[in-house]
Enquirer: 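Just dropping this structure here.
The chains referred to below are lettered A, B, ... by the order of the sequence lines, with proteins before strands, and numbering in each begins at 1.
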Amino acid sequence: GENVEQHPSTLSVQEGDSAVIKCTYSDSASNYFPWYKQELGKGPQLIIDIRSNVGEKKDQRIAVTLNKTAKHFSLHITETQPEDSAVYFCAASEGSHTPLVFGKGTRLSVIA
Amino acid sequence: GAVVSQHPSWVICKSGTSVKIECRSLDFQATTMFWYRQFPKQSLMLMATSNEGSKATYEQGVEKDKFLINHASLTLSTLTVTSAHPEDSSFYICSARTPGPNYGYTFGSGTRLTVV
């Protein structure tokens, strides 16, 4: 089955700096790669996703890149703000009603 | 956007009792829903996949007689924790796959279960 590795497990950045979180996956059949932000005591919230037919996607300060050959994808947050502090999870799915497989998460702290 | 409503948000129950958690898709039909369990500072662990009108598929190590899943309609899936024990205390989260070619996975707000 699919295995998703996520690094780093914790990340501290100064406000205004960029943050990068990286994930690798094992199943070449996976074709959907979302990123979720989870705040304490809440469910995960989708922040951006990418499908295997696209190499990069951007939404304001957030971008995701996908390298299918290397089986890795990354989340980039620019101009970080204190409210970006949370746990971020990457995930992968091959679709067809299969569940998401999650990485172990990255705790991001943005220091004002 | 697609919204999944999960209730209750938190519940405290006594050992030996049962607790039911509901997961509803509010503005779309969800033929497939998923139930996850999350321990503090850990990732989401898939418990089972719930398909409308059929039996749920449980992950290895998850007791199907203890965690009863019912997906009787296209907008509602329920998870019942039977004969709860303190070690069942956790954060339970449901998710639904949205339909269409640009599908995604929307999550509920989670249920904090504490068994005393």
Enquirer: So, does Thr106(A) use its side chain to make a donor-acceptor pair with the main chain of Pro8(A) at under 3.5 Å?
Expert: yes

Enquirer: With a 4.5 Å limit on heavy-atom distance, are the side chains of Thr80(A) and Thr78(A) in contact?
Expert: no

Enquirer: Is Asn51(B) in contact with chain A via its backbone, its side chain, both, or neither, using a 4.5 Å heavy-atom distance?
Expert: neither

Enquirer: As an exercise: rank Asn102(B), Thr31(B), Ile93(B) by heavy-atom pairs under 4.5 Å with chain A and give me the winner.
Expert: Asn102(B)

Enquirer: So for Ser95(B), is it side chain, backbone, both, or neither that comes closer than 4.5 Å to the heavy atoms of chain A?
Expert: neither

Enquirer: Determine the option with the most heavy-atom pairs under 4.5 angstrom with chain B, choosing from Val101(A), Leu100(A), Val87(A), Leu46(A).
Expert: Leu100(A)

Enquirer: Do the numbers put Arg51(A) on top of the ring of Tyr103(B), so that NZ or CZ is under 6.0 Å from the six-membered ring centre and no more than 45° off the axis?
Expert: yes

Enquirer: Using the rule given for side-chain contact (heavy atoms from CB on, under 4.5 Å), can you reason through Phe102(A) versus Val4(A), listing the C-alpha separation, both sets of side-chain angles and the distance that settles it, and then say yes or no?
Expert: CA-CA 6 Å; Phe102(A) 284 85; Val4(A) 178; over 6 Å; no

Enquirer: Given heavy-atom pairs under 4.5 angstrom as the criterion, report whether the side chain, backbone, both or neither of Pro99(A) touches chain B.
Expert: both

Enquirer: Measure Pro101(B) against the heavy atoms of chain A and call it side chain, backbone, both or neither at under 4.5 Å.
Expert: backbone

Enquirer: In terms of heavy-atom proximity below 4.5 Å to chain A, should Gln6(B) be classed as side chain, backbone, both, or neither?
Expert: neither

Enquirer: Looking at Gln60(A), I'd like to know if its CD atom is crowded, meaning that more than 12 non-hydrogen atoms belonging to other residues, nucleotides or ligands lie closer than 6.0 Å.
Expert: no

Enquirer: Please classify the contact between Gln38(A) and chain B as side chain, backbone, both or neither, with a heavy-atom cut-off of under 4.5 Å.
Expert: side chain

Enquirer: Between Thr114(B) and Val116(B), is a side-chain contact (heavy atoms from CB on, under 4.5 Å) present by the stated rule, with each step listed?
Expert: CA-CA 6 Å; Thr114(B) 302; Val116(B) 297; 4.0 Å; yes

